[in-house]
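Hydrogens, waters and symmetry mates play no part in the numbers below; they use all other heavy atoms, side chains included. A, B, ... follow the sequence lines: proteins, then strands. Residue 1 opens every chain. Everything quoted here is computed from the prediction, not taken from an experiment.
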2 protein chains.
Amino acid sequence: MEMVEVTARLCQRLGLPRSSGQIFGLLYLSTQALSLDEIAEALEISKASVSTGTRQLLGWHAIRQVWKPGDRKDYYEVQADLGELLRANYLGFFRPKLDASKRKLAVLQELLDADLKSGSLEATDYAVCKERLESLTRLQSRIQKLLPLAEKLL
Amino acid sequence: MEMVEVTARLCQRLGLPRSSGQIFGLLYLSTQALSLDEIAEALEISKASVSTGTRQLLGWHAIRQVWKPGDRKDYYEVQADLGELLRANYLGFFRPKLDASKRKLAVLQELLDADLKSGSLEATDYAVCKERLESLTRLQSRIQKLLPLAEKLL
DNA sequence: CAGTTCGTTCAATTTACACTGAACGAACTA
DNA sequence: TAGTTCGTTCAGTGTAAATTGAACGAACTG
């Protein structure tokens, strides 16, 4: 499968484990749900890697676990709606990070003010720093406004 | 500097070298341009790391190189307008990747059609795969439309 | 209860990569 | 020309992360 290679490369470019990308690529073009063993065999990687990989993908809501009646095996299939996938990850991952960064920026502003009052910072230097921090804050809030919009369009 | 720590963590979360983040954080709140040696000393890392780090940041247009008259040293300062930074990286990096992914998707569609004609794929399986690839293509073009808009808003 | 068949966990290995020190070339200086 | 002062390059080192095989526990089966 060509698709496996594409998603594998995408993942490792993003700093994520390559094997997770392989698994997703395989499942994305698979007609039926695959068991852990089938995935391991198809990709020629160990069962252990598949086990950890599937748990990661489950955490990102990228795949789902399904069961077949009278079969103890776990089967996996993709969450085919990628828009839904992006939404879920935005809410569960990016959103909290963005909120945290906003708080962090406020802390930095306070530290800067403290440095000015304690005399450890020249007034002109203070002005430059303050302007830059405010620029960052403006960018941060613009991003926070943009993402819900992007969420709608995807 | 607290800022150095923040940007360093941001970088390594993105799978980028931590030291590049440190350099950017240092320069972002520095009032004047700093030389390679000054950066190395302030961050307690080797000159070699600073040399490679600055070249990375230059490649992303995140910092600029400036010179002082009668001084052979290279000095570095941030590209303070982060909106401009994002724009430049979109045009020089994301945009080409997006175009490439579009072509890649077209290739995959062709491969799929070929598999159908060669009889190595059931018609029902073909339908599922085709639908999923088309879903990917739709997402791809939505992203390609969204990014120029985002570019304006940031 | 012994024997399978699952998935997970854990220690160990391998791999990938950031980082460093030392060597180097270029551009100046005396 | 010999000697500095820069920045870069490169081989070697250290370390964090991915991957694996083996051991394990749980859920079934005969």
### Query
What do the steps show when you test B/Glu77 against B/Ser30 for side chain to side chain donor-acceptor pair (under 3.5 Å), and what is the final call?
CA-CA 8 Å; B/Glu77 65 181 13; B/Ser30 168; over 6 Å; no
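As judged by a 4.0 angstrom heavy-atom cut-off over every strand, A/Ser35 is placed among residues making no nucleic acid contact.
Atom CG of A/Asp74 and atom C1' of D/dA26 are 12 Å apart (whole Å). One interatomic measurement links the two molecules: CZ of B/Arg55 to P of C/dC19, which rounds to 14 Å at whole-angstrom precision. Rounded to an integer number of Å, the gap from B/Gln12 CD to D/dA17 C1' is 13 Å. Rounding to whole angstrom units, CD1 of residue B/Ile39 and C1' of D/dG7 are separated by 12 Å. The nearest whole Å value for the distance from the CD1 atom in A/Ile45 to the P atom in D/dA18 is 13 Å. We find that CG of B/Leu34 is positioned 17 Å from C1' of D/dC6, with the value rounded to whole Å. One can place CG of B/Leu36 at 19 Å from P of C/dA26, the figure rounded to the nearest angstrom. In this entry the distance linking CG of B/Asp71 with P of C/dA27 reads 17 Å, nearest Å.
Nearest nucleotide to the B/Ser49 side chain, out of C/dT8, C/dC6, C/dC19: C/dC19. With distances taken from any side-chain atom of B/Arg18 to the nucleotides D/dG7, C/dC19, D/dC28, the minimum falls on C/dC19. Closest approach to the A/Tyr76 side chain among C/dC19, C/dT8, C/dC6 is made by C/dT8 (side chain taken as heavy atoms from C-beta onward). Each of D/dG21, C/dC28, C/dG21 was ranked by its minimum atom distance to the side chain of A/Ser46; first place goes to D/dG21. Comparing atom distances between the B/Lys47 side chain and each of D/dT20, D/dA18, D/dG7 picks out D/dG7 as nearest.
With respect to B/Lys73 and B/Glu38, no salt bridge is recorded, no charged nitrogen being found less than 4.0 Å from a carboxylate O. A salt bridge links B/Glu5 and B/Arg18; the closest N-O separation between the charged side-chain nitrogens and carboxylate oxygens is under 4.0 Å.
Dashed line: the shortest gap from a side-chain N or O of B/Ser51 to OP1 or OP2 of D/dT8 is under 4.0 Å. Contact between the side-chain N/O atoms of B/Ser19 and the OP1/OP2 oxygens of C/dA18 is not found at any separation under 4.0 Å.
Between the side chains of A/Thr137 and A/Gln109, a donor-acceptor pair is found at a separation under 3.5 Å.
The closest donor-acceptor contact from the side chain of A/Glu84 to the backbone of A/Gln79 lies at 3.5 Å or more, if one exists at all.
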